[in-house]
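One structure is given below, encoded as C-alpha cells.
Just so you know, residue 1 is the first one in the sequence shown, and it goes up from there.
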Amino acid sequence: MADTRAGLLDALLDANPVVPVVVVDDPDDAVPAGRALLAGGIRCAEVTFRTPAADRVIAAMSSVEGLTVGAGTVLDADQARLAIDCGARFLVSPGFSDPVADVSEASGVPFLPGGATPTDVIRILGRGLSTVKFFPAEAMGGLPVLTAFAGPFPQVSFVPTGGIGPGSAAEWLAAPFVRSVGGSWMISRADVRNREWARITRLSADAVRLARASRRAEGAAGAQPAGEER
C-alpha cells in the first residue's frame, strides 16, 4: 500500500514542480480561484485547513476539471477523513502524525508529511514514506540544511515549503533531491479575497515557466560529462 501511495504522490509532484499553497476564506471564491490557477498552467493545489470553510473550499475546488486538489495543514485523523470525504486527492501536514498516516494507509490517499530534523525523517521512513515536506524551509536554514540532509538520506526526496518565492524557487528546484516546491506567491490570500483572478493567472503562468526552465537547467547539468565544470 505504501508503495502505491508513494508512487501516486511522486508522479503527481514530478508533473507539478510548483504546488500552490492556497488559503481561501469564502467557498464562493474556490471555483474561480481554481480556474485562475488552471488558466495559468497550474494543475495541482494544496488547500490548507487554516479557515473554518476549508472543507467546503476543498469540495468546491475539487469540482474544477483538470485540477488535482489536496488538503494541507492536516493535523489529525478527523481532518484527514474530512478532507478525503470532501474530495482531497492527497494529504499534507506541517509535521508527522501517526494517526494521519493511519488514515492515509486505510484510504489509499497519499500523505506528504512534514519533517524539519533528521529524527523527523527517520520516523517518516519508518512508515514506508520517502517524500518529505521540509517546513518551514527558509526559517529552518534553507537549502544548505536540506543539502546536508541529502547525505544521510539519499533515498528521500523533499518538497520545501515556507518562505519560498519567485526569487528563490529556481535554486530550490535545481537541487536533485527536491521533487517540488510549495508556495503561495502566485495565489495570495489577499488576491483571492480581492478576486484578482487575472493576476493569479499571470503569476501562475510565471511560476510554471520558472519551474520548466529550472528543470531544463537541471537536466542539462546532469547530462554534462564527468569532470566538466557545472
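- Residues Thr68 and Phe90 have side chains in contact (heavy-atom distance under 4.5 Å, counting atoms from C-beta outward).
- By the 4.5 Å heavy-atom criterion applied to side chains, Thr161 and Val21 are counted as neighbours.
- Judged purely by atom type and a 3.5 angstrom limit, Ser157 has no side-chain atom pairing as donor or acceptor with the backbone of Arg179.
- A pairwise comparison of heavy atoms in Val22 and Ala45 identifies CG2-CB, 4.1 Å as the closest pair.
- Taken together through direct or relayed side-chain contacts under 4.5 Å among Ile, Leu, Val, Met, Phe, Trp and Tyr, Val64 and Val19 form parts of separate hydrophobic clusters.
- In terms of modelled atom types and a separation under 3.5 Å, the side chain of Ser93 and the main chain of Val74 share a donor-acceptor contact.
- Connection of Leu146 to Leu112 is not established within any shared hydrophobic cluster, with ILVMFWY side chains joined at heavy-atom distances below 4.5 Å, either directly or through further cluster members.
- With Ser180 contributing its side chain and Asn16 its backbone, the two residues share a donor-acceptor pair below 3.5 Å.
- A salt bridge does not link Arg123 to Asp120: none of the charged side-chain nitrogens sits closer than 4.0 Å to a carboxylate oxygen.
- Taking 4.5 Å as the limit, some side-chain heavy atom of Phe153 sits within range of a side-chain heavy atom of Pro118.
- Between the side chains of Thr131 and Asp10, a donor-acceptor pair is found at a separation under 3.5 Å.
- Note: Ile187 CD1 to Ile200 CD1 = 4.5 Å, rounded to the nearest 0.5 Å.
- In this structure, Val159 is not a member of the same hydrophobic cluster as Val121, with clusters built from ILVMFWY side-chain heavy atoms closer than 4.5 Å.
- Ala150 and Phe177 make their closest contact through CB-CD2, 3.5 Å (heavy atoms, listed as atom of the first residue, atom of the second, distance).
- Interatomic distance, CD1 of Ile84 versus CG of Leu91, reported as 4.5 Å (0.5 Å rounding).
- The number of heavy atoms from other shown groups lying within 6.0 Å of CD (Glu65) does not exceed 12.
- Pairing each heavy atom of Pro27 with each of Ala53, the nearest pair is CG-CB, 3.7 Å.
- Side chain of Ser104 to main chain of Val100: no donor-acceptor pair is present (N/O by atom type, distance under 3.5 Å, no hydrogens or angles).
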From CA spacing to verdict: side-chain contact (heavy atoms from CB on, under 4.5 Å), Ile164, Trp172: CA-CA 9 Å; Ile164 296 174; Trp172 283 100; 3.7 Å; yes
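- Residue Leu13 holds its CG atom at 7.0 Å from SG of Cys44, rounded to the nearest 0.5 Å.
- Tracing side-chain contacts under 4.5 Å through hydrophobic residues (I, L, V, M, F, W, Y), one reaches Val47 starting from Ile42; they form part of the same cluster.
- The shortest non-hydrogen separation linking Met140 to Val145 is O-CG2, 3.3 Å.
- Of the possible polar contacts, one joining the Asp76 side chain to the Asp78 backbone as a donor-acceptor pair under 3.5 Å is found.
- For the atom pair CZ (Arg189) and CZ (Arg50), the distance works out to 8.5 Å, reported to the nearest 0.5 Å.
- Between Leu143 and Ala175, the shortest heavy-atom distance links the atoms CD1-CB, 4.1 Å.
- Glu105 places a side-chain heavy atom less than 4.5 Å from the side chain of Arg5.
- Side-chain atoms of Ser62 come within 3.5 Å of backbone N or O of Ile58 as a donor-acceptor pair.
- The side-chain heavy atoms of Val181 and Val178, taken from C-beta on, include a pair separated by under 4.5 Å.
- Counting only heavy atoms from C-beta outward, the side chains of Asp102 and Phe111 never approach each other to under 4.5 Å.
- Grouping the Ile, Leu, Val, Met, Phe, Trp and Tyr side chains by contacts below 4.5 angstrom, directly or via other members, places Phe49 apart from Phe135.
- The CG atom of Leu82 sits 4.5 Å away from the CG atom of Asp55 when rounded to the nearest 0.5 Å.
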Run the side-chain contact (heavy atoms from CB on, under 4.5 Å) test on Val192 and Val23 for me, step by step, so that the C-alpha distance in whole Å, both residues' side-chain angles and the decisive distance to 0.1 Å come before the verdict. CA-CA 8 Å; Val192 174; Val23 181; over 6 Å; no
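- The pair Asp98-Arg127 counts as a salt bridge, with a side-chain nitrogen and a carboxylate oxygen less than 4.0 angstrom apart.
- Between Arg195 and Asp28 there is no salt bridge, since no side-chain N of the basic residue sits under 4.0 Å from a carboxylate O of the acidic one.
- In this pair, Phe149 and Phe158 present their aromatic rings tilted. The plane angle is within the 30 to 60° band.
- Proximity of Leu38 to Arg43: side-chain heavy atoms (C-beta onward) are separated by under 4.5 Å at one or more points.
- Here the closest non-hydrogen pair linking Ala30 and Val24 is N-CG1, 4.2 Å.
- Here CG of Leu8 is found 7.0 Å from OG1 of Thr4. Values are rounded to the nearest 0.5 Å.
- Open room surrounds CZ on Arg35; 12 or fewer heavy atoms of other groups in view lie less than 6.0 Å from it.
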Is there a side-chain contact (heavy atoms from CB on, under 4.5 Å) between Lys133 and Val92 once you walk through the steps? CA-CA 8 Å; Lys133 173 177 176 171; Val92 185; 3.6 Å; yes
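- Not a single donor-acceptor pair under 3.5 Å links the side chain of Ser188 to the backbone N or O of Trp185.
- No side-chain heavy atom of Val18 sits under 4.5 Å from any side-chain heavy atom of Val208.
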Could you walk me through whether Val69 and Val57 pass side-chain contact (heavy atoms from CB on, under 4.5 Å), step by step? CA-CA 10 Å; Val69 177; Val57 171; over 6 Å; no
